[in-house]
Amino acid sequence: MTSDASTRPHIDRYEPTEIEPRWQARWNEIGLYRTDLNDTTKPTYYVVTMYPYPSGDLHIGHWSIMATTDAVARYHRMLGKNVFFPMGFDAFGLPAENAAINSGVHPAKWTFANIEVMRRQLRTMGNMFDWDAEVVTATPEFYRWNQWFFLKFLENDLAYRKMQAVDWCPKDQVVLAREQVLGVERVCWRCGTQVIKRDLEQWFFRTTKYADEYLDYTGLDWPEPIRLMQTNWVGRSEGAEIIFETAPDAFQPGGAELPVFTTRPDTLFGATFMVLAPEHPLVAKLTHPGQQAALDAYLHETRRKSEIDRLSTDREKTGVALGAEAINPINGERIPIWIADYVLSGYGTGAIMSVPAHDERDFAFATRFGLPIRQVIAPAGTTAGSMESAHIAHTADEVLVDSGRFTGMPAPEGARAITKALEEKGRGKSSITYRYRDWLVSRQRAWGTPIPIVYCQADPSCGVVPVPEAELPVLLPEDFEFRPQGGNALEFDERFTKTTCPRCGGPGRRETDTLDTFVDSSWYWWRYLTPHKSDGPFDRALTDRWCPVDQYTGGSEHAVLHLMYARFFAKALNDLGMVSEREPFLRLFNQGQILGEDGERMSKSRGNVQDPDELVSRFGADSVRLFLMFMKPWEADAPWSPTGIQGVNRFLNRVWAVTLDPHHGDPRSKVEVTDPEAAAQELRTLAHRTLRDVTEDHEGFRYNTIIAKLMELSNALVRYRGTAVARSAAWDETIDLLVRMLAPIAPHIAEELWSRRLAASGAEWSSVHVQSWPAFDPSLVAVDSIELPVQVNGKLRDLVPMAAGLTQAEIEPLVMAREKIRAQLEGKQVVRVVHVPGRLVNIVVR
RNA sequence: GCGGAAGUGGUGGAACGGCAGACACGCUGGCCUUAGGAGCCAGUGCCCGCAAGGGCGUGAGGGUUCGAAUCCCUCCUUCCGCACCA
């Protein structure tokens, strides 16, 4: 029945480099991916993946994130939703400025040239980006709204300026937000240089206002690790603030309040000394003249120490007694006041009550300096004894001992009772402290959003003056004069700095710091909806319809950076009545990293970088997309395999062949089909089961198994190729399903095959990407006959073919009749038979 | 130190508490080819065996269960985040 070579149609080879640009051009031409944001006939689905920095080099990691997110978007489009999937560029930032300092090229020129290159690279992926919505943050039309938000925040006490010891990167010559300083080594998140502390007056956004709200993920589908990192970063601690008072002595009158924060007010009777941070404001006042020299030496030493030395936990504790005493408000006891650098000025009140019996750090300090240790907590049923080990864990059955009228109370109750007693005396209250800090947004760099502030030089009563809204944007100069030694070019550019005070009209100087580029990424998803709107940052009707973002994807390195800032903006803008939601992203997914072949992070210096452009020219974008999805679970990290991509390339070649040339199977690879109808039915069943599984896997982002299952289906097609099965309706249906299932993940080949099939059937062309996602036939997915695994004592011994859905009574005779089973049961006694319907039978023998 | 994730063939990885190793890569042998970074066939966890078959196997050790890669406990290793936060 096979046709001979002369009737065989000419089938060209799968040539992705021909197909892919052709379809990309066509899609672009017909506006296939232009989303009508006002279409209300379909449910909206908003997909965003973190936009890239325009380094001018799209790397394989971008492909992994963006191509897979594209599959998400396309899948939802096929489900009948109105999907919006935009792309933009995080265009402000240091690399452009550093390039400018080195080469003299204007950062805008460098940046926009890179964007041009990256747009081209991005287009080769074949993603359904709606380029009409593109956002470029370094354009005045975008950054003026950064300035506008800054002014709104200022008006509403969400932005403020203060002097503070801040983290300074000496290489980039810029301050960093707390969360932009990484690890124990305390290095700059961008360049890896160790930061130092500097006292500077800087602008902050009041992110801590929402500290508690960040802990609430109600309604959000976010990965647990991210939620934990954010929760730890906020670092909420419940406890009490307790006000100690200085005792009068010959050198000071006493009566000064010394509030401390503690999570264990129940240990108040165990406080045997107090410790202030060296920077504590009362240190100078309380120092006994006899201690002045020792104190000065210690303060000097502390300042000299690097942050790292100071924060090192295994360093021996150091400190100096002030020579003054404090009064414990619960029992009037006088205890000595020390300073030590293990107490941090920035946390709590910068002072602690020291309870060495129940805190390891206090214990270490007390031991070092011979200070008393007094146990006030003990497991129920024991009495206070000599304390040898530090810190008893908070357990349910521990009780207060040696604690006056509170003795005998369970610890939690004691904590409440002591707090209440203090509150009645006005000496304390329950209190919550956070480790979280406000976001420092000032940056001493020229290539960023100018902070819209003028410092009046005429009238001190004007002082720090916001630029009026009507005068926005404060534009960056058209040309910078960068100095080779670096530094902020805005600072010495008089055309920029020289201005007039908006309040009094006198001479003024502009703020030369710019905003952290993370401000840009804190609201760009709203801007995508109206990227060129000039009378507001976004359109409320559209943000209401489309936001929050349904699906957001990106790397987990932004757990406490971008993602926290974005949540802050949603909450702040909601409070200001600008948006309806309080959370930006409903569902978040963090993909893992593609590592180099050596298993290390890809980097130019290691020489283990994979160039996607080169891979595309060899294998085509679809193969690159597919391999990135196939090689690992999306969320996992895995090394690149230079040979692995050939597997998916072969797969696409086979799909090409079975689709376009079904009747010319290789005689060696095809199977002997004795019952074509049964075989066709089997193929159809496999197709529908594949569809069911692939649909489920889409919902769970399991792209690696989607591709494995499509490979299995195509392998089955290869086996039946050239047989009678290839002439069946089932074959045709299977090919149709296969092409549709391929569409979200390999959009070009799917489109090409789809269009050729339409042409062959004489149908009018319509893109595969506007087809619906098929529904599987439940009756086909149901199983009617099975090979039931049979275990004896938990070990697999046989597979017994039988009809599905039999009862245990029906199954047992079938199983017992099997020779292999009989052999296993020989001379043994059957204790019980476990039957898991449809799964297996386990015969337990003795 | 605290918190998290993860340990499965030569490799990447599959497996609602129920047939471990799907699907690939690589490798071995063979076919085809002027050629191949092409295609096809067969094999490929380890051990014994010609085979049939059997034994052992998911970082280590315990436990729960008829049954554990999967659940629980104790370790070990790797990676990530935080780190004197009172």
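The sequence lines fix the lettering, A, B, ..., with proteins before strands; numbering per chain opens at 1.
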Contact string for nucleotides 12-25 of chain B, one letter per nucleotide 5' to 3', B = base within protein heavy-atom range under 4.0 Å, S = sugar-phosphate only, - = neither, reads BSS-B-BB--BBSS

Apply ring pair (Phe, Tyr, Trp, His ring centres under 6.0 Å) to the pair His558(A) and Tyr565(A), showing each step before the final yes or no. CA-CA 10 Å; His558(A) 284 297; Tyr565(A) 301 141; 9.1 Å; no

Whole Å only: how far is the [atom1] atom of [X] from the [atom2] atom of [N]?
X: Arg719(A); N: C40(B); atom1: CZ; atom2: P; value: 13 Å
X: Tyr14(A); N: G39(B); atom1: OH; atom2: C1'; value: 17 Å
X: Gln593(A); N: G81(B); atom1: CD; atom2: C1'; value: 14 Å
X: Leu182(A); N: C79(B); atom1: CG; atom2: P; value: 18 Å
X: Glu279(A); N: C84(B); atom1: CD; atom2: P; value: 14 Å
X: Arg186(A); N: G81(B); atom1: CZ; atom2: P; value: 15 Å
X: Phe363(A); N: G1(B); atom1: CZ; atom2: C1'; value: 17 Å
X: Ile226(A); N: G3(B); atom1: CD1; atom2: P; value: 19 Å

For nucleotides [N] and [M], find the distance between their [atom1] atoms and express it as a whole number of Å.
N: G4(B); M: G54(B); atom1: P; answer: 44 Å
N: G55(B); M: U74(B); atom1: C1'; answer: 30 Å
N: C19(B); M: A68(B); atom1: C1'; answer: 15 Å
N: C47(B); M: G36(B); atom1: P; answer: 33 Å
N: G57(B); M: C50(B); atom1: C1'; answer: 25 Å
N: A69(B); M: U58(B); atom1: P; answer: 7 Å

Any strand is fair game: report the nucleotide pairing with [N] by Watson-Crick or G-U wobble, both distances under 3.5 Å, or none.
N: C66(B); value: G18(B)
N: G39(B); value: C31(B)
N: C79(B); value: G4(B)
N: C46(B); value: G55(B)
N: G61(B); value: C73(B)
N: G9(B); value: none

Answer yes or no for Arg236(A) and Tyr434(A): cation-pi contact, defined as NZ/CZ to six-membered ring centre under 6.0 Å and angle to ring axis within 45°. no

Identify whether the glycosidic angle of G43(B) places it syn (within 90° of 0) or anti.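 G43(B): anti.
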
Please enumerate all protein N or O atoms sitting under 3.5 Å from an N or O of nucleotides 53-58 of chain B, with distances to 0.1 Å.
{"residue": "G55(B)", "atom": "OP1", "partner": "Arg797(A)", "partner atom": "NH2", "Å": "3.4"}
{"residue": "G55(B)", "atom": "OP2", "partner": "Arg797(A)", "partner atom": "NH1", "Å": "3.3"}

By side-chain contact (heavy atoms from CB on, under 4.5 Å), which residues pair with Gln646(A), not counting sequence neighbours? Phe619(A), Arg650(A)

List the residues meeting side-chain contact (heavy atoms from CB on, under 4.5 Å) with Phe369(A), not counting sequence neighbours, and say none if there are none.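 Result, side-chain contact (heavy atoms from CB on, under 4.5 Å) vs Phe369(A): Trp338(A), Phe365(A), Leu371(A).
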
Going by an N to O cut-off under 4.0 Å, is there a salt bridge joining Lys709(A) and Asp697(A)? yes

For Ser623(A) and Asn649(A), run side chain to side chain donor-acceptor pair (under 3.5 Å): C-alpha distance rounded to whole Å, both residues' side-chain angles, the deciding distance at 0.1 Å, then the answer. CA-CA 5 Å; Ser623(A) 286; Asn649(A) 193 245; 2.8 Å; yes

Using a cut-off of 4.0 Å on non-hydrogen atoms, how would the nucleic acid contact of Gly183(A) be classed: base, sugar-phosphate, or nothing?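 Result for Gly183(A) = sugar-phosphate.
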
What's touching nucleotides 44-47 of chain B from the protein side, N or O pairs under 3.5 Å?
none

If you measure only the distance, is there a donor-acceptor pair under 3.5 Å linking the side chains of Asp362(A) and Ser354(A)?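 A donor-acceptor contact under 3.5 Å links the two side chains.
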
Given the side-chain rings of Phe627(A) and Trp640(A), with only the six-membered ring counted for Trp, is the space between their centroids under 6.0 Å?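 Centroid separation for Phe627(A) and Trp640(A): below 6.0 Å.
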
Is the gap between the ring centers of Phe363(A) and His358(A) under 6.0 Å? no

Can you measure from CD1 (Ile337(A)) to CG (Leu258(A)) and round to the nearest 0.5 angstrom?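 Answer rounded to 0.5 Å: 5.0 Å.
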
Gap separating the CZ atom of Arg435(A) from the CG atom of Asn232(A), nearest 0.5 angstrom: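 Here the rounded value is 7.5 Å.
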
Closest nucleotide among C84(B), C82(B), G4(B) to the Trp233(A) side chain: C82(B)

Taking the nucleotide of RNA chain B with the closest heavy atom to each, which residue, Asn232(A) or Thr262(A), is nearer the 5' end?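 Its nearest nucleotide being more 5', the pick is Asn232(A).
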
Start with the C-alpha gap between Gln230(A) and Arg567(A), add the side-chain angles, then the distance that decides, and say whether side chain to side chain donor-acceptor pair (under 3.5 Å) holds. CA-CA 11 Å; Gln230(A) 293 194 341; Arg567(A) 295 183 76 195; 2.8 Å; yes

Verify the contact: side-chain N or O of Tyr347(A) to OP1 or OP2 of A86(B), cut-off strictly under 4.0 Å; return yes or no. yes

Any salt bridge (Lys or Arg N to Asp or Glu O under 4.0 Å) involving residues 818-830 of chain A? Give me the pairs, sequence neighbours left out, ordered by first then second residue.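 Listed by first then second residue: Asp798(A)-Arg818(A).
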
